[in-house]
Amino acid sequence: MTDNYLLKLYHKTLRYPFGRQLFSAMFARKAPYFRSIKPLITELRPNFCELRFNKRKAVENHIGTVHAIALCNGLEMAMGALAEASIPKHLRWIPKGMTVNYTAKADSDIRITATTSEDAWQIGDLAVQVKGYRADGTVVIDGTITIYISAKPNKD
């Protein structure tokens, strides 16, 4: 197994009934707005995260599709979980920017993915690829979240 704290927690919770739900609720507490979409992290490994959330009234817009900000919350949560599960211990990260394109109506439950390459974890900007899919596999949102990677300060 890994020595990454988040991956350890993920694999530990998977041993329990409703482990994915438990882990997802715990991780969503990192930023309260994540909880608004009621996400379920379905897969987490270094350089990859997948989560899902249901289309329901609380995340819909005025035309009955999933609201753009709910989609962006999902993208940011998947990126954050990927970053925490992947970054080497001597580095830290912070979001720097997000660029997204809305490519189709989000009129169903949503699946979100975040991906990076294994060799991407260097000091400087890192572009994390994020996508959202509706139930039929159509991409409804496609984008990049740029995070800034820096060295952790020495503890004296």
Side-chain angles (χ1 to χ4, degrees), residues 2 4-7 9-11 13-14 19-88 91-150:
T2 179
N4 178 279
Y5 85 96
L6 193 63
L7 289 174
L9 180 62
Y10 177 69
H11 291 290
T13 57
L14 290 182
R20 278 184 172 67
Q21 291 89 335
L22 176 63
F23 176 79
S24 299
M26 292 166 66
F27 189 76
R29 291 182 60 96
K30 286 195 169 265
Y33 51 88
F34 290 161
R35 293 191 318 215
S36 69
I37 62 171
K38 296 189 178 180
L40 177 67
I41 294 177
T42 55
E43 188 174 350
L44 180 63
R45 62 180 191 270
N47 305 301
F48 183 82
C49 180
E50 178 185 86
L51 67 81
R52 295 171 185 266
F53 66 94
N54 293 330
K55 177 183 178 282
R56 61 190 211 292
K57 191 70 175 162
V59 296
E60 288 180 2
N61 58 23
H62 64 289
I63 60 171
T65 60
V66 177
H67 194 280
I69 297 305
L71 293 168
C72 288
N73 280 343
L75 297 178
E76 191 173 356
M77 182 172 170
M79 176 281 303
L82 172 148
E84 286 296 302
S86 306
I87 195 164
L91 298 175
R92 63 185 179 175
W93 66 274
I94 189 166
K96 187 174 180 181
M98 174 187 260
T99 304
V100 297
N101 294 304
Y102 304 103
T103 56
K105 284 186 178 180
D107 57 4
S108 70
D109 295 345
I110 301 296
R111 178 175 62 92
I112 301 281
T113 61
T115 57
T116 58
S117 63
E118 190 174 315
D119 60 350
W121 298 96
Q122 308 293 327
I123 292 175
D125 287 352
L126 169 59
V128 179
Q129 300 306 306
V130 288
K131 289 187 185 221
Y133 305 84
R134 66 183 182 211
D136 67 4
T138 300
V139 175
V140 297
I141 188 168
D142 181 21
T144 302
I145 300 177
T146 303
I147 58 177
Y148 181 71
I149 311 282
S150 62

Could you check if a side-chain atom of Lys105 sits within less than 4.5 angstrom of a side-chain atom of Val140, using non-hydrogen atoms only? no
Under 4.0 Å between a Lys/Arg side-chain N and an Asp/Glu carboxylate O for Asp125 and Lys96? yes
Of all heavy-atom pairs linking Glu84 and Tyr5, the shortest is OE1-OH, 2.6 Å
Any side-chain heavy-atom pair from Tyr33 and Glu76 closer than 4.5 angstrom? yes
Can you tell me how far apart CZ (Phe27) and OH (Tyr10) are? Round to the nearest 0.5 Å. 12.5 Å
Main-chain N/O of Ile37 paired with Asn73 side-chain donor or acceptor, under 3.5 Å: no
Within the side chain of Asn101, is there an N or O that forms a donor-acceptor pair under 3.5 Å with the backbone of Thr103? no
With Met79 as partner, the option from Thr113, Ile145, Thr146 fulfilling side-chain contact (heavy atoms from CB on, under 4.5 Å) is Ile145
Just so I know, are the side chains of Val66 and Lys55 near enough to count as touching, which here means a heavy-atom distance under 4.5 Å? yes
Rounding to 0.5 Å, atoms CD (Gln129) and OG (Ser117) come to a distance of 9.5 Å
Is a side-chain donor or acceptor of Ser86 paired with a backbone partner of Asn47 at a separation under 3.5 angstrom? yes
Can you check whether Asp142 reaches Val100 side chain to side chain, under 4.5 Å on heavy atoms? no
Ile87 versus Arg92, closest heavy-atom pair with distance: CD1-C, 3.5 Å
Taking the side chain as everything from C-beta on, heavy atoms only, tell me whether Leu40 gets closer than 4.5 Å to Phe53. no
Phe34 and Pro39: which non-hydrogen atoms are nearest, and at how many Å? O-CD, 3.3 Å
Are the side chains of Cys72 and Ile141 in touch, meaning some heavy atoms are under 4.5 Å apart? yes
dist Tyr133:OH -> Ile112:CD1 (nearest 0.5 Å) comes out at 9.5 Å
Separation between NZ (Lys30) and CZ (Arg35), nearest 0.5 Å, reads 13.5 Å
Strictly distance-based, threshold 3.5 Å: is any side-chain N or O of Thr116 a donor or acceptor partner for the main-chain N or O of Val128? no
Do you know the tightest heavy-atom contact between Leu44 and Ala85? CD1-CB, 3.9 Å
Atom pair CD/CD1 of Gln21 and Ile41 - distance to nearest 0.5 Å: 11.5 Å
Exercise: identify the closest heavy-atom pair between Ala120 and Leu126: CB-CD1, 3.3 Å
Between Val59 and Ser36 the two heavy atoms that sit nearest each other are CG1-O, 3.9 Å
May I ask you to establish whether Arg20 and Phe23 are in a cation-pi arrangement, using a distance under 6.0 Å from NZ or CZ to the six-membered ring centre and at most 45° from the ring axis? no
Please name the residue in the list Lys131, Arg45, Arg111 that meets the salt bridge (Lys or Arg N to Asp or Glu O under 4.0 Å) test with Glu50. Arg111
I'd like to know whether Ile149 forms a side-chain contact (heavy atoms from CB on, under 4.5 Å) with Ile147, so could you lay out the CA-CA distance, the side-chain angles of the two residues, the decisive distance to 0.1 Å, and finally the verdict. CA-CA 6 Å; Ile149 311 282; Ile147 58 177; 3.9 Å; yes
From Leu82 CG over to Leu51 CG, what is the distance, rounded to the nearest 0.5 angstrom? 11.0 Å
Apply salt bridge (charged side-chain N to carboxylate O under 4.0 Å, His left out) to Arg134 and Asp136, showing your working. CA-CA 6 Å; Arg134 66 183 182 211; Asp136 67 4; 3.1 Å; yes
Between Asn61 (side chain only) and Ile63 (backbone N and O only), is there a donor and an acceptor less than 3.5 Å apart? yes
